[in-house]
Amino acid sequence: MLPRGNGQVVRLSRGASLSDFAEKINANPASLVQVMFNLGEMVTATQSVSDDTLQLLADEMNYSLQIVSPEEEDRELLESFDIEFGEDEGGEEALVARPPVVTVMGHVDHGKTRLLDAIRKTNVVAGEAGGITQHIGAYQVATEVNGEERAITFIDTPGHEAFTAMRARGAKSTDIAILVVAANDGVMPQTVEALNHAKAADVPIVVAVNKIDVEGADPTKVRGQLTEYGLVAEEYGGDTMFVDISAKQGLNIDSLLEAVVLTADASLDLRANPDQDAQGIAIEAHLDRGRGAVATVLVQRGTLRVGDTMVVGDAYGRVRAMLDDNGNALEEAGPATPVLVLGLTNVPGAGDNFLVVDEDRTARQIAEKRAARERNAAFAKNRRRVSLEDLDKVLKAGEVQQLNLIIKGDASGSVEALESSLLQLDVGEEVDLRILHRGVGAVTETDVDLATGSDAIIIGFNVRAEGRATSMAEREGVDIRYYSVIYQVIEEIEAALKGMLKPEYEEVELGTAEIREVFRSSKLGNIAGVLIRSGEVKRNTKARLVRDGKIVAENLTIEGLRRFKDDVTEIREGFEGGINLGNFNDIKVGDVIATYEMREKPRG
């Protein structure tokens with residue numbers, strides 16, 4: 001007998017299986033499989049199932065289901081190792097002031113990247129590491145405010161709207177957002193989107209009104225437009241600092257940096273304990289041919305040192321070396337410092353949190369548990385729900401078509417953004433898009449092997465195939481496509497998905513003919529003498545016979561078409577002629593012959 005819940009709460013993680021559910025309520029997993037079967041769902045006891053499926057089962061058995069959020073799950077995992085994440089240790093006396101962390105947001109082409117370049121240029125130290133500036137996705141600059149030198153950390157997140165997920169994540173690690181608005185364009189859709197992200201993350205905003213040197217620039221208009229979104233300039237009695245700049249000319253960059261520091265001082269208490277084990281967030285990560293997996297991390301509390309054992313998402317390792325954004329080796333990095341870390345086992349995801357632990361063994365266990373959890377959640381998300389009603393349809397070969405993809409990219413942020421954009425493509429239920437594997441680095445032989453076994457297409461985003469992978473792909477007939485623009489991938493994959501859909505046809509009326517007279521022929525049967533009422537009637541097209549507004553015959557064919565004594569291929573509106581419907585002879589004066597053809601419908 002199955003236990004009934006009476007509203008009792010069951011807590012499960014994403015991608016849990018029926019066995020996990022059974023364990024929580026002390027039931028036999030096989031009996032839950034039977035319950036799901038009765039509900040019209042074919043599920044095995046051990047497969048990861050979606051949140052909806054778990055909810056369906058919980059409702060049926062009168063349990064209240066709570067899906068544990070990834071953050072909560074992670075906190076519980078770390079608590080099991082006696083680690084507290086996200087808290088500064090010690091009391092008030094242990095906290096020390098730290099620099100603000102800033103993200104630059106705004107609409108495409110409003111000058112975000114140009115502004116970041118201008119900020120760096122004003123702050124580049126002469127003679128740095130052979131004059132090479134390494135782009136690591138984050139960097140620290142110094143500015144003078146009231147005679148005191150102050151540091152500011154900038155996170156450089158990509159500006160494409162497909163990176164919204166990343167930007168939203170980036171905002172969680174951000175203290176202040178700089179909203180860049182072009183003075184000649186004003187507020188645009190992505191300006192509002194960026195503004196909403198910053199508000200959702202509850203961070204103060206400094207507005208940089210860019211391109212004030214361009215013709216048609218109107219900084220006052222920008223101030224007016226942003227008032228509607230709750231950003232009121234200080235000069236209008238509000239509390240938002242607006243700074244008019246030109247990133248191209250390098251105008252007022254120092255004033256902008258000063259505005260950031262003043263905003264931080266006025267509205268934020270930015271302090272952290274530098275004397276504990278380091279914790280923070282991964283901003284970007286990629287696979288470097290010479291160095292292996294490298295990640296840019298932002299230390300949020302504590303101090304990260306070379307030789308520390310760290311866990312970043314589902315990657316772990318001992319810090320072999322740390323570099324700043326100028327390529328200089330560092331021995332340690334304190335709160336709000338971004339550094340490039342070498343020594344990880346694999347490439348973590350952008351936005352993954354990191355922490356330093358005492359032992360390599362602990363690091364490995366945490367990383368493995370996180371990886372297993374992500375895998376289960378991914379399986380549940382990828383699995384197509386099949387109900388008993390449509391099972392027979394699905395089993396018929398080709399009823400649900402599937403496009404399998406393997407994504408390889410240069411950095412985990414872009415791979416993640418690309419995956420989320422592709423999974424949002426909607427081309428109906430007949431076609432299923434599955435991402436079998438995603439990873440950072442070149443396309444390898446292993447990827448080609450996986451593609452061969454699953455008929456997948458490999459997408460290389462800013463990466464190429466390495467070693468023998470190219471020749472192996474040619475030999476096995478695996479399609480590897482290379483891209484460097486995210487729009488292009490999305491467009492082509494959408495086109496491919498639409499191409500996989502079975503063509504849909506619609507009926508197009510060609511013409512109608514009214515029967516004025518019926519001629520009897522011993523050789524051809526009855527011939528209709530007609531007047532073409534609309535359109536044109538063509539030989540060999542489909543037709544139906546309508547009598548008194550009702551269809552009396554379907555699927556007829558215009559087999560013969562004559563004008564006087566000549567055989568013709570078509571007769572147009574207003575002309576008379578003779579029509580022979582082949583073996584069909586039940587025609588009367590006053591009947592209407594409607595002709596049509598089936599045309600393929602373009603997919604919208």
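These numbers come from the heavy atoms of this one structure, side chains and all, not from hydrogens, waters or symmetry mates.
When only modelled atom types and interatomic distance are considered, Gln55 and Asp51 share no side-chain donor-acceptor pair under 3.5 Å. In summary, the side chains of Ser31 and Gln34 do not present any donor paired with an acceptor at a separation below 3.5 Å, with no hydrogens or angles considered.
Listed here is the closest heavy atom pair of Val357 and Ala363: CG2-CB, 3.7 Å. Across every non-hydrogen atom of Ala442 and Val463, the tightest pair is CA-CB, 4.2 Å. In terms of heavy-atom proximity, Leu355 sits nearest to Asn353 at CD2-OD1, 4.3 Å. The heavy-atom pair separating Glu359 from Thr309 by the smallest distance is O-CG2, 3.9 Å. The shortest heavy-atom contact between Gly15 and Ser48 is O-OG, 3.1 Å. Closest heavy-atom contact between Leu433 and Ile493: CD1-CG2, 4.3 Å.
For the pair Val9 and Arg11, the minimum side-chain heavy-atom distance is below 4.5 Å. At least one side-chain heavy atom of Ile407 sits less than 4.5 Å from a side-chain heavy atom of Leu422. A heavy-atom distance below 4.5 Å is not found between the side chains of Leu195 and Glu193.
Every residue was checked against the side-chain hydrogen bond (donor to acceptor under 3.5 Å, both in side chains) condition with Asn273, not counting sequence neighbours, and none meets it. Under the salt bridge (charged side-chain N to carboxylate O under 4.0 Å, His left out) criterion, Asp449 pairs with no residue, sequence neighbours left out.
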Practice prompt. Please report the C-alpha distance between Tyr483 and Glu492 in whole Å, then the side-chain angles of each, then the deciding distance to 0.1 Å, and finally whether the side chain to side chain donor-acceptor pair (under 3.5 Å) criterion is met.
Written response: CA-CA 10 Å; Tyr483 301 94; Glu492 290 200 9; 2.8 Å; yes
Worksheet item: Could you go step by step and tell me if Thr362 and Gln365 meet the side chain to side chain donor-acceptor pair (under 3.5 Å) rule?
Response: CA-CA 5 Å; Thr362 309; Gln365 286 173 336; 5.1 Å; no
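For the pair Arg599 and Glu597, the salt-bridge criterion is met [side-chain N within less than 4.0 Å of a carboxylate O]. Between Asp360 and Arg318 there is a salt bridge, since at least one side-chain N of the basic residue sits less than 4.0 Å from a carboxylate O of the acidic one.
The main-chain N or O of Asn196 is never found under 3.5 Å from a side-chain atom of Tyr229 such that the two would form a donor-acceptor pair.
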